[in-house]
Amino acid sequence: MTLAYRIIRSEHYEIGLVTHCLENLSGALHGKAWMPDFDLLFLLLDYVESFPATFHHPKEEDYLFKAIRFRDPGSSGLIDRLCADHADGLDLINELRQSLEMYSSHPDARRWFCHAAKSFADHELCHMQREERTVLPLALQVLTKDDWVEINAAFEENSNPLFNDKRREKFDQLFALILQRIPSAAVINDRKEEAV
């Protein structure tokens with residue numbers, strides 16, 4: 001496995017964990033089994049809103065997807081779908097933010113927030129699963145050693161504070177704060193694997 005492959009999987013793990021927690025907490029709210037901790041919910045939202053858009057998706061699109069499309073022109077449909085997923089995710093996050101802001105001041109917006117959280121989680125988790133089951137195996141097949149050198153360098157910047165103005169450090173602190181604040185039951189992943 002290449003460095004970029006490992007970083008992508010690690011970032012998927014982090015994004016997936018926070019997304020599962022958001023989904024589980026919104027499910028508990030829907031069933032009225034948990035009183036809302038709006039500070040925690042906004043922390044979760046801040047993470048899923050900013051980390052993928054700042055670090056993860058641009059590197060996928062500008063380096064990994066671009067190289068795959070060049071080496072395997074037949075993959076264009078798949079790559080286009082994954083890029084569209086990124087754009088659709090932003091729309092879902094905007095709705096999630098609006099619904100959470102409304103819910104934090106109007107309890108009757110709970111259902112809207114729960115629906116928005118479920119829609120976002122379904123989309124994001126399915127998208128990452130699609131990447132891991134289709135695009136990463138394809139990348140390992142079609143990309144050359146030189147391709148991986150460039151892609152590895154781009155993804156390595158994600159963890160190098162000299163190149164990212166300490167933004168990654170701030171996301172790591174946010175992730176650590178989320179892990180400290182999250183109820184342990186919210187971390188459990190009871191979602192069944194879905195077909196891609």
Does the side chain of Lys59 reach to within under 4.5 Å of the side chain of Ile151, using non-hydrogen atoms?
no
Side chains of Glu95 and Trp112: donor-acceptor distance under 3.5 Å anywhere?
yes
So CD1 of Ile79 and OG of Ser75: to nearest 0.5 Å the spacing works out to 4.5 Å
Report the C-alpha distance between Asp85 and Arg130 in whole Å, list the side-chain angles of each, state the deciding distance to 0.1 Å, and finish with yes or no for side-chain contact (heavy atoms from CB on, under 4.5 Å).
CA-CA 10 Å; Asp85 281 353; Arg130 185 177 299 117; 2.6 Å; yes
Do Leu25 and Asp37 come within less than 4.5 Å of each other through their side chains, counting heavy atoms only?
no
With side chains defined as the heavy atoms from C-beta onward, is the minimum distance between Leu138 and Leu143 less than 4.5 Å?
no
Linking I/L/V/M/F/W/Y whenever their side-chain heavy atoms sit closer than 4.5 Å, directly or via other members, would Val149 and Val142 fall into one cluster?
no
Tell me whether Asp46 is salt-bridged to Arg97, with the criterion being a basic N under 4.0 Å from an acidic carboxylate O.
yes
May I have the step-by-step check of side-chain contact (heavy atoms from CB on, under 4.5 Å) for Glu60 and Val135, ending in yes or no?
CA-CA 10 Å; Glu60 285 181 332; Val135 82; over 6 Å; no
CG/Leu40 to CG/Leu45 distance, rounded to the nearest 0.5 angstrom?
11.0 Å
Kindly determine whether Glu124 and Leu92 satisfy side-chain contact (heavy atoms from CB on, under 4.5 Å), including the steps that lead there.
CA-CA 9 Å; Glu124 191 67 18; Leu92 291 168; over 6 Å; no
Is it true that a side-chain atom of Thr54 and a backbone atom of Phe51 form a donor plus acceptor pair closer than 3.5 Å?
no
Any side-chain heavy-atom pair from Val48 and Thr19 closer than 4.5 angstrom?
yes
Consider only side-chain N and O atoms of Asp147 and Thr144, and report whether a donor and an acceptor are under 3.5 Å apart.
yes
Could you check if a side-chain atom of Leu3 sits within less than 4.5 angstrom of a side-chain atom of Trp148, using non-hydrogen atoms only?
no
Which heavy-atom pair separates Pro73 from Phe70 by the least distance, and what is that distance?
CD-O, 4.0 Å
Just wondering, do Ile68 and Leu64 contact through their side chains at under 4.5 Å, heavy atoms?
yes
Leu140-Leu78 co-clustered via ILVMFWY side chain contacts under 4.5 Å:
yes
Under a 4.0 Å threshold between the charged nitrogen and the carboxylate oxygen, would Asp62 count as salt-bridged to Lys66?
no
Determine whether Leu96 and Ser99 satisfy the following criterion, side-chain contact (heavy atoms from CB on, under 4.5 Å), listing intermediate values before the conclusion.
CA-CA 5 Å; Leu96 184 57; Ser99 68; 4.2 Å; yes
Supply the atom-to-atom distance Arg110 CZ to His115 NE2, rounded to the nearest 0.5 angstrom.
14.0 Å
Indicate the ring-plane relationship of Phe65 and His86, choosing parallel, tilted or perpendicular according to the 30° and 60° boundaries.
parallel
Under 3.5 Å: donor-acceptor pair, side chain of Asn152, backbone of Ala4:
yes
Please tell me if the side chains of Phe113 and Met102 come closer than 4.5 Å, counting only heavy atoms from C-beta onward.
no
Interatomic distance, Leu100 atom CG to Glu49 atom CD [nearest 0.5 angstrom]:
10.0 Å
Non-hydrogen atoms of Pro137 and Glu132 that approach each other most closely:
CD-O, 3.2 Å
Using 0.5 Å steps for rounding, measure from the CG atom of Leu82 to the NE2 atom of His57.
9.5 Å
Under a 3.5 Å cutoff, is there a donor and acceptor pairing between the side chains of His127 and Glu131?
yes
Passes ring pair (Phe, Tyr, Trp, His ring centres under 6.0 Å), Phe155 versus Tyr5? Steps please.
CA-CA 9 Å; Phe155 274 91; Tyr5 183 98; over 10 Å; no
Say whether, by atom type as modelled, one donor and one acceptor occur between the side chain of His123 and the main chain of Asp88 under 3.5 angstrom.
no
Within the 4.5 Å heavy-atom criterion, are Glu23 and Leu125 side-chain neighbours or not?
yes
I'd like to know if Phe38 and Phe120 are part of one continuous hydrophobic network [Ile/Leu/Val/Met/Phe/Trp/Tyr, side-chain heavy atoms within less than 4.5 Å].
yes
Just by distance, no angles: are the side chains of His12 and Gln129 close enough, under 3.5 Å, to form a donor-acceptor pair?
no
Would you give the length of the straight line joining atom SG of Cys126 to atom CZ of Arg133, rounded to the nearest 0.5 angstrom?
9.0 Å
Minimal non-hydrogen separation, Pro52 against Pro58, with atom names
O-CD, 3.6 Å
